Amino acid sequence: IGRFDTSRESLVFKVVEGLATQYSNTTEFPSLIREVFALAVSYSHFVQRDEMGDGKTPALEKLISDLTGLRIMEPKRFITPREVKARYPLTEKAGRTTLDARNVIHNILEGDDKRLLLIAGPCSIDDPKAAIEYAGKLKELADDVKDDIYIVMRTYFEKPRTQLGWKGFLLDPDRDGSYDIEKGHLEARKLLREINEMGMPCGTEFLGLLTPQYVDDLISWFAIGARTVESQPHREMASGLSMPGGFKNSTYGDEQVAIDAIIASRGEHYFVGGDIDRNYAIMPTTGNPDTHIILRGGNGTPNYGSEAVQ
């Protein structure tokens, strides 16, 4: 015992002292002592412990509080992707719409389907009722032009901001600063399911790295925005997404960053992410071959006209 900390606050001392009192006159005492030390080495490493047994002295507790969480208000438990999907489960109609659309988009990108792909819709979703009405009208148009143009509805729930402003339906669905984020995720999935059940496939921009877990089975096409196109975590995320998608050029009009993102997302990656139960997990990806560039202009000028493209 003398080789280790023998303070009366030591876990080792307390355990050995108790055993010595109970078994000192028995032949099992030496073997018991060996077992105690083996367990202590495995689990406590002879760390000095306070009365609560968590290894944190008051001084250490104070130091931790001075080092971490200084700018975080009270955290709240958040609903998991599994819970959201259980509340609004995938229907066969919605799933079939999504899968069929992904296959069509793949064929268009490969050149096997000669139609144009058109992503059409509002800048962002802020009113589910209006979005449903719009989806109905867009579906009528999609049916009329289906021989020449394949239409996917733009259903963006996250708004990346250059500085500050409303960050989208997913984070603040009531647009009043209340940030009912759980409601935003539930209502977004509900809306996507309803639109897909109408036979109208949906596309969205993924900004939050955990967002795909909540809606991935209802998204036929994704975008990575101009403000996140250079982000390695977003490129890694895109490499594991199950649907086709595009990378926008930067806000300054630089197309090379989007080209680099396409190349990166087509490769294999390993990164730490969250599973459907929001557990930390190592996520190995195979790479996403169905990615392309989105020319969105920059510095006040367009770059998608024939002259710019040429």
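These figures come from a predicted structure and were not determined experimentally. Heavy-atom basis, side chains included; hydrogens, waters and symmetry copies ignored.
Side chain of Arg154 to main chain of Gly203: no donor-acceptor pair is present (N/O by atom type, distance under 3.5 Å, no hydrogens or angles). Judged purely by atom type and a 3.5 angstrom limit, Thr285 uses its side chain to pair as donor or acceptor with the backbone of His269.
Using modelled atom types, one finds no donor on one side chain facing an acceptor on the other under 3.5 Å when comparing Thr97 with Glu197. With hydrogens and angles left out, the side-chain atoms of Asp176 and Ser178 include a donor and acceptor closer than 3.5 Å. A side-chain donor-acceptor contact under 3.5 Å links Thr211 and Glu158. A donor-acceptor pair shorter than 3.5 Å can be found between the side chains of Thr291 and Arg266.
Residues Phe157 and Leu207 are not in side-chain contact: their nearest non-hydrogen atoms beyond the backbone lie 4.5 Å or more apart. A 4.5 Å side-chain heavy-atom check between Arg296 and Thr251 finds at least one atom pair inside the cut-off. At a threshold of 4.5 Å between non-hydrogen side-chain atoms, the residues Glu205 and Phe222 do not count as touching. Using a 4.5 Å heavy-atom threshold, the side chains of Ser220 and Met243 count as separate. At least one side-chain heavy atom of Ser124 sits under 4.5 Å from a side-chain heavy atom of Trp166. The shortest distance between side-chain heavy atoms of Cys202 and Leu218 does not fall below 4.5 Å. The shortest side-chain heavy-atom distance between Thr228 and Pro160 does not fall under the 4.5 Å cut-off. Here the side chains of Lys183 and Asp174 are in contact, with some heavy-atom distance below 4.5 Å.
Checked against side chain to side chain donor-acceptor pair (under 3.5 Å), Ser231 has the following partners two or more places apart in sequence or in another chain: His234. Every residue two or more places apart in sequence or in another chain that forms a side-chain contact (heavy atoms from CB on, under 4.5 Å) with Gln232 is listed here: Glu236. With sequence neighbours excluded, the residues satisfying side-chain contact (heavy atoms from CB on, under 4.5 Å) with Glu255 are Asn249, Ile293, Leu295, Asn303. Residues satisfying the side chain to side chain donor-acceptor pair (under 3.5 Å) criterion with Asp147, sequence neighbours excluded, are absent altogether. Asp127 meets the side-chain contact (heavy atoms from CB on, under 4.5 Å) test with Lys129, Ala130; sequence neighbours excluded. Residues satisfying the side chain to side chain donor-acceptor pair (under 3.5 Å) test with Arg161, not counting sequence neighbours, are none. For Leu141, the side-chain contact (heavy atoms from CB on, under 4.5 Å) partners are Leu138, Val145, Ile151, not counting sequence neighbours. Checked against side chain to side chain donor-acceptor pair (under 3.5 Å), Lys85 has the following partners two or more places apart in sequence or in another chain: Asp216. With sequence neighbours excluded, the residues that form a salt bridge (Lys or Arg N to Asp or Glu O under 4.0 Å) with Arg82 are Asp277.
Salt-bridge formation is detected for the pair Arg189/Asp217: a Lys NZ or Arg NE/NH1/NH2 atom is positioned less than 4.0 Å from an Asp or Glu carboxylate oxygen. In summary, Arg175 and Asp126 engage in a salt bridge, as defined by a charged side-chain N under 4.0 Å from a carboxylate O.
Hydrophobic clustering, defined by side-chain heavy atoms of Ile, Leu, Val, Met, Phe, Trp and Tyr closer than 4.5 Å, groups Ile119 together with Val104, Ile105, Ile108, Leu109, Leu117, Tyr150, Val152, Tyr156, Trp221, Ile294.
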Next item on the list: Apply the test side-chain hydrogen bond (donor to acceptor under 3.5 Å, both in side chains) to residues Asn288 and Ser239: give CA-CA distance (whole Å), side-chain angles for both, the deciding distance (0.1 Å), then the verdict.
Entry: CA-CA 5 Å; Asn288 189 341; Ser239 76; over 6 Å; no
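Applying the ring pair (Phe, Tyr, Trp, His ring centres under 6.0 Å) rule to pairs touching residues 83-108 yields nothing, sequence neighbours excluded.
Ala94 approaches Arg193 most closely through the heavy-atom pair CB-O, 4.0 Å. Closest approach of Met153 and Ala131 over heavy atoms only: CE-O, 3.6 Å. Of all heavy-atom pairs spanning Val229 and Arg235, the tightest one is O-NE, 3.0 Å.
The hydrophobic clustering, which links ILVMFWY residues whose side-chain heavy atoms are closer than 4.5 Å, places Leu209 and Tyr214 together. Leu186 and Val215 fall within the same hydrophobic cluster, where Ile, Leu, Val, Met, Phe, Trp and Tyr residues are linked whenever their side-chain heavy atoms come under 4.5 Å apart, directly or through other members.
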Sequence neighbours excluded and cut-off under 3.5 Å, please list the side-chain donor-acceptor pairs for residues 68-77, or say none.
unit_1, atom_1, unit_2, atom_2, d
Thr68, OG1, Ile64, O, 3.0
Arg77, NH2, Glu83, OE1, 3.3
Arg77, NH2, Glu83, OE2, 3.1

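Using cut-offs of 30° and 60° for the angle between ring planes, the His185 and Phe78 rings count as perpendicular.
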